[in-house]
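To start, the structure itself, in structure tokens.
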There are 2 protein chains.
Amino acid sequence: MVTINDIAKLAGVAKSTVSRYLNGGSVSRRTKETLDRIIKETEYVPNTFAQSLKVKQSNLIGIIIPRLNSYATNEILQSVDRCLREKSYQLLIVNTDQDVEREVENLYALSRQKVAGIILLATDVTRAHKEAMEKIGIPVLLLGQRSDATYAIVHEEEEAGAAMGRHALRLGHKKILYLGVTEKDESVGVLRKKGVMDVLKNAEGIDVQEEEVDFNFDITFRFLKEYLKDRVETYILCATDNIALAAYKASITLGRKVPEDVSISGFGGYSITDLVTPSITTVRYAYKEMGRIAAENLLRLLQGEEIPKKIALSGEFLPKESTKAL
Amino acid sequence: MVTINDIAKLAGVAKSTVSRYLNGGSVSRRTKETLDRIIKETEYVPNTFAQSLKVKQSNLIGIIIPRLNSYATNEILQSVDRCLREKSYQLLIVNTDQDVEREVENLYALSRQKVAGIILLATDVTRAHKEAMEKIGIPVLLLGQRSDATYAIVHEEEEAGAAMGRHALRLGHKKILYLGVTEKDESVGVLRKKGVMDVLKNAEGIDVQEEEVDFNFDITFRFLKEYLKDRVETYILCATDNIALAAYKASITLGRKVPEDVSISGFGGYSITDLVTPSITTVRYAYKEMGRIAAENLLRLLQGEEIPKKIALSGEFLPKESTKAL
DNA sequence: ATGAAAGCGCTAACAC
DNA sequence: GTGTTAGCGCTTTCAT
């Protein structure tokens, strides 16, 4: 293995000169040329451990995600990754398998690894989270959930909910079933629902029923196969695309036609909503953009620049085949 | 930041003793107890950079993947990750965005990061790959493609293909359309097809047509919307679930019923094949198991144990609603 | 069982 | 612009 020392000897300079050359310090034209050549010939690459040991920081950015097999996660990962790579940062992905405790553990674990910054796809920001963020002293960027504890990038949930609510009204539906999720999830469980409900409840002669279901397709599908049997609503407004998919499949199973007998919509803009027939009305969230902004802003933060505490991204309402006028 | 030196001083021993304690060397009962206590109190954690700098290796395992947004990739990632975490290894995920050159680059990049081993979700194993693997001197495990260059874990492609071919025959179909992919992909493009074709071509009175399409849903869907217009086959045997999905959506668009007018099947066992209606006949590949075996075997290799050069995993044939007897 | 000392490859003061 | 020097925090002989 070739080290900075070897290079220095071969070039007949001190290793500090080589180091300066490497880190963009000032070196004479001639030295630069020799070094250019020698480093190329020897295929020298600096030892990242020695570097990191010295500067007490790495070029690693940690990202904590709840699960690997989610469309949203993947979109975000991909764009964060792409963005960081351009700036020659490495993404260290840690998956918590939906275990909130492990989010906190990993905050500490990543700080031990001396990551320069952390992106956290948050589900719920607890006291333990805040404590960890304070303690480790590394910039943390939250994605998907609001919290005044640190910087956050979120989706415009209320706006999206309202758009979908208006859509249902516009199509003339009077009996509407809302399938939501736990209110522990501030973004999806509370705000998204609020957006929908504010619109529906302010309208005349609308009958809204509400039910809480699970994020998981299988669980929700099994539940809905029974639950939907004696429902009479003509529009099922689902809090996520996965739930919409389950509602769709359950409706079909019960012999109802979509959208002829019942309209169904989701939220998220997962690509699968386009693959099924009929395609599913949804709001596409700006996952890619969220990832890009997260990466860019985190890097800015690392350079000591100021960035906004909170950014909210608008989604795009996409009416498709699964909803039609009554 | 608390270092091994601090611990040594607090305990009144030499830092080499602390190091021995940390690495399971022999220390007296008493020393052990003091150290236990002090390390707990100070919340000391070793600096991984200093460690790695010294031992010239890290607890990182690199995994090179073609894309982040694929079902197969995610299943594998998840189980590899879980498995490695148990053994306190860290997974370093690098995404190449389907760029074969970047696979090679990253082989080198990971070796610079001193990863202990590399798992490569291969698409095509070129000369450059082999050269890189040799040069870096780090164990590499191939997933999904055969190559005598190093260890490999693959799916039983021919077996799976044959199972599906037999299924089509069993249902009495005579006119069959095979939608395959490029033969550059040895596993899917060559072997999987061979499995299917060997069965179909050996049967009596079977008319098999063959067409090459893309892995990508959108591209293939657009193509099939036209292509399928004047096809008369009653069974479309697709090389992947994504292609099956595209074929399904194109058929629907053209006013044909699945499976009444035409049967469709895929390969892969993506969860989406269950979400759509009708659910799609497929062969489920053992992605989770592949990931687990990959992780376990790579670790074995690192301990100097022997592991088989090639492992082939059988898939599970899953007949569903999208195929029916003629 | 323990300690002293050397050194992994690098960066950054500082002096020239 | 360049060289000297002193560590960063750790592991690992080698004595004792």
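By convention in this document, chain letters (A, B, ...) are assigned in the order of the sequence lines, proteins followed by strands, and residues within each chain are numbered from 1.
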Heavy-atom nearest pair, B:L107 first then B:H129, reads CD2-O, 4.2 Å
Contacts of A:E157 meeting salt bridge (Lys or Arg N to Asp or Glu O under 4.0 Å) (sequence neighbours excluded), chain-then-number -> A:R192
Numerically ordered, the residues 109-116 of chain A set in heavy-atom contact under 4.0 Å with DNA chain D is none
On a heavy-atom basis, the closest approach of A:E103 and A:I64 is O-CD1, 3.8 Å
Once base and sugar-phosphate atoms are separated, protein heavy atoms under 4.0 Å mark nucleotides 11-16 of chain C, 5' to 3', with B, S and - as BB----
From NZ of A:K9 across to P of D:dT4 the rounded distance in Å is 12 Å
B:L53 atom CG is separated from D:dT12 atom P, nearest whole Å, by 12 Å
_Test item: B:S28 side-chain N/O and B:T31 main-chain N/O as donor-acceptor pair under 3.5 Å_ = yes
The correct set of residues in residues 26-38 of chain A placing a heavy atom under 4.0 Å from DNA chain C is none
Okay, side chain of B:N23, backbone of B:G25: is any donor-acceptor separation there less than 3.5 Å? no
A:E33 vs A:R29, salt bridge (Lys or Arg N to Asp or Glu O under 4.0 Å): CA-CA, chis, key distance, verdict
CA-CA 6 Å; A:E33 276 162 15; A:R29 236 182 79 82; 3.0 Å; yes
Separation between CG (A:N297) and CD1 (A:I153), nearest 0.5 Å, reads 5.5 Å
If each end axis of the helix from C:dA1-D:dT16 to C:dC16-D:dG1 is fitted on five C1' pair positions, the angle between them, to 10 degrees, is 30°
Atom CE of B:M1 and atom C1' of D:dC10 are separated, to the nearest Å, by 11 Å
Check your understanding: Given the rule in the salt bridge (Lys or Arg N to Asp or Glu O under 4.0 Å) test, do B:D81 and B:R85 qualify, once you have shown the distances and angles that lead to the verdict?
Key -> CA-CA 6 Å; B:D81 182 61; B:R85 195 167 43 218; 3.1 Å; yes
note: B:K56, atom NZ; D:dT12, atom P; distance rounded to Å ~ 11 Å
Whole-Å distance, A:N5 CG to D:dG3 P, equals 13 Å
- Return the orientation label for the A:Y287 and A:H155 ring planes: parallel under 30°, perpendicular over 60°, tilted otherwise. perpendicular
Item to complete: Ignoring hydrogens and angles, tell me if any N or O in the side chain of A:R102 forms a donor-acceptor pair with the backbone of A:T96 under 3.5 Å.
Response: yes
Heavy-atom nearest pair, A:N59 first then A:S88, reads ND2-O, 3.4 Å
Item to check | Any donor-acceptor N/O pair, B:T34 side chain to B:R30 backbone, under 3.5 Å | outcome: yes
May I have the list of side-chain donor-acceptor pairs in residues 303-311 of chain A shorter than 3.5 Å, sequence neighbours left out?
none

Between CG of B:N47 and P of D:dC8 the distance, given in whole Å, is 12 Å
